[in-house]
Amino acid sequence: MRYSELGNTGLKVSALGFGCMRLPMKDGRVDRGLAIPMLHRAVELGVNFFDTAIGYCNSDSQAAIGEAMQAMRPKVVLSTKNSLSTASDDDWWRALENSLRLMRTDYLDLYSHHGINWEMYVNNLDPAKNGKTRLMLKARQQGLSRHIGFSFHDTPENLIKLVDTGCYENVILQYNLLDQGNADAMKYARQKGMGVVVMGPVGGGRLGLPSEQIRELTGGQAKSTPEAALRFVWGHPAVNVALSGMSEMRQLEENASLANSAKPFTPEQIATLDDAIAERKKKSGLYCTACRYCLPACQQGINIPDNLDMFNQVLIYGLKDNAKNRYKNTPGTRAAECVNCGKCMPLCPQGIKIPDRLNETALMLDGRAGSVICNTAMNRIGMDGGFQMSLRLRNFSAEERQIKVTVAGDGQTAVADDSKDFGAVPSMAWRAMTIGGKADVRRHQIVMKIGISCGPATQTLEKVYNYLVLPKGNGAQEKGDGWLSVEASEDDFTAAKDTARKHGLRFRLSRAKDGLDLTADVRDDFLFPSRAESHSGSLVDGLEVYLDGRQPSRIGFPKYEKGVYQLFLYPGTPGKYPAFFNSPQNIEGIDVSSERTPDGYRIRAKIPYASFCVAEGVPSKLGFDIAVNTADKGGKRVGQFIFAGGRDNWRDPSGFGEVWFV
C-alpha cells in the first residue's frame, strides 16, 4: 500500500480510502456480520483512512465503524462529517459528541463540514460572522478533532475561495475520468498545504463496468475500467486518497491490490488520454465544455450540459447502461423535453447543434424511444359538465411516421372531436390537439380512451379524471372581507367515498406595490402523513401556485409555456420548523411564514414581481391559479382543488370563475 502525508496535517494516509456510505445492510441497519470482517480485512491490506458521516447507512455507519475500529484505533485515521449548518450551537455540538460516542473514540482525526458550497460558507459557516466553522476550530483546540476540513459540491472557482479562507486543512471532493472540472483547483489546494481526498473515483459506479472504449483510450495499459479510473485519480499530483465505497469483500480485495501494485498514470499518460478524449468529442460534434451559457435560453428547464454529458458517456466511454440509468433518474430535465426551438444554439461557443444532439440523446437513452409520447391535461371543466382538454403528441422515433389519433369516452362522456389525422410527422416533432366534450355531472368522473395509430403499430391509453365543480354561492363563497372560501364534504366526492369528512381552503390575494400578498387558511385534513422526521409528523404538504405575468396560464403546463411559473408553498411545522418553498423555475425572493389555526394552518407569502416577471417587468394584468392537495383518511392523495382564475384575478377574488376538484 502506498502512503502520503495528508497536506500539512502530518497524517500518513493510504492511497485507497474506505468510503463507509455503502456498507452491506440488513433490515435497515449495517450488517455487522459482513461489514466488520471487511473493515478488519481492509486494515490488514494496509487501508488506514475510513470516512463516514452522520446520515450514512440510515445513520448507522458511524456506530459500525466504532465497533470495528475500537480495538485498532491507533492504526487508523477516522474521518466523519457534520451536515448541520443552520442548527443551534447546542445541536451542532451534540452532533459532534454523538459522533464521538458512536465511533467509540475520544477524538477524530478529521472532522468536516458536509457538502458545503461558497454561499453556505458566507451565510452559515464564516467564523468572522459567528458561523459554525468557529465551532470546528473550537473542537480542534479542545482536541476533539485533530484536523478540520469540508466536503465540497460547488464550482472550482468557489473551491479556491474556500481554500483562501485559511480555515481548513483538508477537502473531500469529486474528481474522476468523467468529471475533471476540479483538477486545477485541487492543485491550488495542495499548494496551499491542504490535503485532497477524492470521492467518486469510479464516477459513482459508472466506471465500474467493462468498457472497450476506455481500454482503447488508455492504450490498453489498464486491464479493467476500475483500474483505469483509479490509476487516473492517483495520477493527479494533488491527490492523497481515493475513497471507494465498497460493499463486498471482492471489491475491497481488487481495489487494495490495485493500490498496492498498479502504478498511477504518469502526467504524460494523462495528457495523452485527455487528448484522445478531446479528439473523440470534437469528432462527435459534442465538445461541450459545460460553460452553461445555453441554460438561460431553455424554456423547458433542461440541464443541457448534463444531458450532453450522458450522451458522451456512451459515445466516448461506452458506458451506455450507466448513462441510461442516470437519464432515467433525472425526470423533468431530460433531453426528451426539448421542443427544438433553437434558442440555445447562438449561445454555444462550441457551435454545437444542441437540439439535434438532445434528440439523439433522447433516442439513445430514453426508454420510450420508438413510441409516441402522449401528454394530456384538463384545461377546464364547466358547471354543465362541459370540458376542454389538451393532448400533445411526439413522434419519439428516428423516422418520420404517419400518426392518427382517436378519442372515445366510456359511454357517459361524449367527445366532440373524436379523431385527428396528423399525417406524416417528422422524427421527434410535436403535434397538439384540443378535445372538447361533455361529461355526466352526477358521475364526477371523466374516462377517456386514446388510440394512437403510427403505421402498423398502435398504442392505447386510458385517462381518468375525477372532478367536482363547486359553483360560487354554493361550495365557493366570496366573503365580504376579500376572502374566497371553498369547502366540500364527504358526500360531494362520489368517486372517492373514503375522503376525509371535510375539506376546505380559503385565501385572500392582494396586489402590493412590489409584488403579490397571499394569505391562505388550509384545513389539516388536506395534509399527507409526514415523509420526514424533520417535519415532526405534521404539516407537510401545502399550496401549489401558478403565476403568469405575460399570457393566460393553463393548469398542467407550467413547464411548457413561457411565462408560467409554478411555486410550492409549504407550512413546515409552525413554531418548530419554518415555512419554506420551492419551484421548478428557481423563483427567488419569496418570503413565506406560517402559523397554526384551530382547524389547520395559515400560510402567508409575499411574492415580488421581479421573481417571475423578469422579461417585461411589472404587468398591468396578472394571471393566478392556486391548487391544494387533498387526502383520504389513510393519507393517500385523492386529488386537488384547483382555483382557476383570469388574467386579472389578483384584483378581486370574484375573478375566480369556478372551482373544480381533479
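Side chains are part of it too, since the values below use all heavy atoms of this structure and drop only hydrogens, waters and symmetry mates.
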Side chain to side chain contact (heavy atoms under 4.5 Å, CB included), that's the test. Do Leu363 and Glu360 meet it? Break it down for me. CA-CA 5 Å; Leu363 288 170; Glu360 292 176 42; 5.8 Å; no
Output yes when a side-chain donor or acceptor of [X] lies under 3.5 Å from a complementary backbone atom of [Y], and no otherwise.
X      : Y      : result
Asn395 : Glu399 : yes
Asp440 : Gln412 : no
Gln251 : Glu248 : yes
Asn176 : Gly200 : yes

For Glu119, does the CD atom sit with more than 12 other heavy atoms under 6.0 Å from it, leaving out its own atoms?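 Atom CD in Glu119 is not crowded, with 12 or fewer foreign heavy atoms closer than 6.0 Å.
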So for atom NZ, which belongs to Lys438, do other residues, nucleotides or ligands contribute more than 12 heavy atoms lying within a distance under 6.0 Å?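 No, the 6.0 Å shell around NZ holds no more than 12 heavy atoms from other groups.
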Determine whether [X] and [Y] make a side-chain contact, defined as any pair of heavy atoms from C-beta on separated by less than 4.5 Å.
X      : Y      : result
Val198 : Leu243 : no
Leu258 : Arg231 : no
Phe396 : Val372 : no
Val405 : Cys374 : no
Lys353 : Met345 : yes
His153 : Asn117 : no
Arg250 : Glu253 : no
Ser371 : Gln459 : yes

Check step by step if side chain to side chain contact (heavy atoms under 4.5 Å, CB included) holds for Trp430 and Val425. CA-CA 8 Å; Trp430 288 95; Val425 180; over 6 Å; no
From [X] [atom1] over to [Y] [atom2], what is the distance, rounded to the nearest 0.5 angstrom?
X      : Y      : atom1 : atom2 : result
Ile304 : Cys294 : CD1   : SG    : 4.0 Å
Lys463 : Ile446 : NZ    : CD1   : 13.5 Å
Glu400 : Cys454 : CD    : SG    : 13.0 Å
Lys449 : Asp410 : NZ    : CG    : 6.5 Å
Ile452 : Arg401 : CD1   : CZ    : 10.0 Å
Ser244 : Leu230 : OG    : CG    : 6.5 Å

Are Lys81 and Asp51 ion-paired here, with the side-chain N under 4.0 Å from a carboxylate O?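 Yes, this pair counts.
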Is the closest basic N to carboxylate O distance between Arg326 and Asp309 below 4.0 Å?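 Looking at Asp309 together with Arg326, the answer is yes, because their closest N to O distance falls below 4.0 Å.
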Decide side chain to side chain contact (heavy atoms under 4.5 Å, CB included) for Leu393 and Ile373; before the verdict, give the C-alpha distance in whole Å, the side-chain angles of both, and the deciding distance to 0.1 Å. CA-CA 5 Å; Leu393 298 169; Ile373 293 178; over 6 Å; no
Between Gln174 and Phe152, does the side chain to side chain contact (heavy atoms under 4.5 Å, CB included) criterion hold? Intermediate values first, please. CA-CA 8 Å; Gln174 186 90 13; Phe152 174 78; over 6 Å; no
Looking only at side chains, do [X] and [Y] share a donor and an acceptor under 3.5 Å apart?
X      : Y      : answer
Thr434 : Ser390 : no
Asn359 : Asn340 : yes
Asn307 : Thr361 : no

Might you work through the salt bridge (charged side-chain N to carboxylate O under 4.0 Å, His left out) test for Arg29 and Asp27, ending with a clear yes or no? CA-CA 6 Å; Arg29 299 184 71 243; Asp27 298 328; over 6 Å; no
To check you understand the geometry: which heavy-atom pair defines the closest contact between [X] and [Y], and what is its length?
X      : Y      : value
Met186 : Leu159 : N-CD2, 4.4 Å
Cys20  : Ser61  : O-OG, 2.7 Å
Tyr327 : Ala336 : OH-N, 3.3 Å
Arg394 : Met428 : NE-O, 2.8 Å
Leu365 : Lys320 : CD2-O, 4.5 Å
Met38  : Pro24  : CE-CD, 3.7 Å

Less than 6.0 Å separating the ring centroids of Phe232 and Tyr175?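 Yes, ring centres under 6.0 Å apart.
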